[in-house]
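Fair warning: this is a prediction, and the values are worked out from it, not measured in the lab. Heavy atoms only: backbone and side chains are in, while hydrogens, waters and symmetry mates are out.
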2 protein chains.
Amino acid sequence: MHDVFDALSHPIRRQVLELLKSGGKTAGELADNFLVSKPTMSGHFAKLKSAGLILGENRGGTIVYTLNMSTLEEAVMGFMGRMGISGEAQGDDVSEGEVA
Amino acid sequence: MHDVFDALSHPIRRQVLELLKSGGKTAGELADNFLVSKPTMSGHFAKLKSAGLILGENRGGTIVYTLNMSTLEEAVMGFMGRMGISGEAQGDDVSEGEVA
DNA sequence: TGGCTATTTAGCGTATTAGCTAAATAGCTA
DNA sequence: TAGCTATTTAGCTAATACGCTAAATAGCCA
């Protein structure tokens with residue numbers, strides 16, 4: 001759990017997840033979307049992978065990364081649930097916890 | 001936005017937010033829940049505050065911190081929305097984005 | 001004023017993070 | 001085997017993060 005939020009703390013890593021939303025992509029394809037070097041991107045992939053947020057499948061020379069949505073969902077929605085937010089729209093009105 | 005996820009990356013800070021869910025608490029009350037020193041906790045409060053996740057009200061000598069739920073919600077649910085998760089329970093079935 | 005409590009700021013040490021270039025590894029193709 | 005592409009590992013530097021103790025600040029009370 002801690003590792004998930006740790007992995008999410010870097011904007012490049014969050015954006016990688018968003019890019020993978022539409023399907024698996026190779027390390028090179030993903031890296032092309034950012035200005036940093038490929039070794040730097042490789043480090044980001046490693047962190048996402050060790051947090052369980054992506055999976056890497058070695059398909060002959062190239063590596064295809066895919067999203068592991070369940071880890072993301074479990075960690076983030078779990079925390080938000082504990083915070084009392086289940087995801088339903090929740091405007092400015094105070095529906096509970098009357099102040100006085 | 002980046003600062004929010006940055007602030008959420010430390011377990012103590014996430015737990016502080018959970019403690020504030022039930023209402024405002026002083027810096028000292030919050031600090032009592034953790035093993036680290038008060039100056040260390042003060043640093044965590046500062047980070048949460050600069051991310052806009054909590055508000056600090058100086059009430060004569062003591063400082064009462066309160067949760068700023070809207071910032072948390074906007075950043076986290078915004079990201080999750082972009083990931084295609086709106087918060088509704090979402091089991092193992094694939095309800096959209098048919099694979100083939 | 002003096003003293004007490006609550007909290008932050010200053011200053012320091014160490015660990016981690018993020019970036020780079022250069023080199024290594026792995027698989028393909030000729 | 002040689003060469004090409006894709007990706008990671010190694011090794012480095014600089015910046016940031018996190019913890020500590022000691023000291024400063026701010027408000028209260030006698």
Round to the nearest Å and state the distance from [X] atom [atom1] to [N] atom [atom2].
| X | N | atom1 | atom2 | answer |
| --- | --- | --- | --- | --- |
| B/D3 | D/dA17 | CG | P | 10 Å |
| B/M41 | C/dA6 | CE | C1' | 14 Å |
| B/D6 | C/dA18 | CG | C1' | 13 Å |
| A/F34 | C/dC20 | CZ | C1' | 18 Å |

Walk along nucleotides 19-26 of chain D from 5' to 3' and tag each nucleotide B, S or - by protein heavy-atom contact under 4.0 Å, base first, then sugar-phosphate. SBBB----
Quick note, B/K47 side chain, CB onward, closest among C/dT8, D/dC18, D/dT8 is D/dC18
Phosphate contact (C/dA6 OP1 or OP2) by B/Y65 side-chain N/O below 4.0 Å: no
How would you list, by chain and number, every residue that makes a side-chain contact (heavy atoms from CB on, under 4.5 Å) with A/K25, sequence neighbours excluded? A/L20, A/S22, A/E29, A/L30
Between B/F45 and B/Y65, is the gap from one ring center to the other below 6.0 Å? yes
Touch check for A/R59, heavy atoms < 4.0 angstrom, all strands: base, sugar-phosphate only, or nothing? nothing
Using a 4.5 Å cut-off on heavy atoms from C-beta on, say whether the side chain of A/H44 contacts that of A/V16. no
Near DNA chain D, which residues from residues 22-31 of chain A have a heavy atom under 4.0 Å away? A/T26, A/A27, A/G28
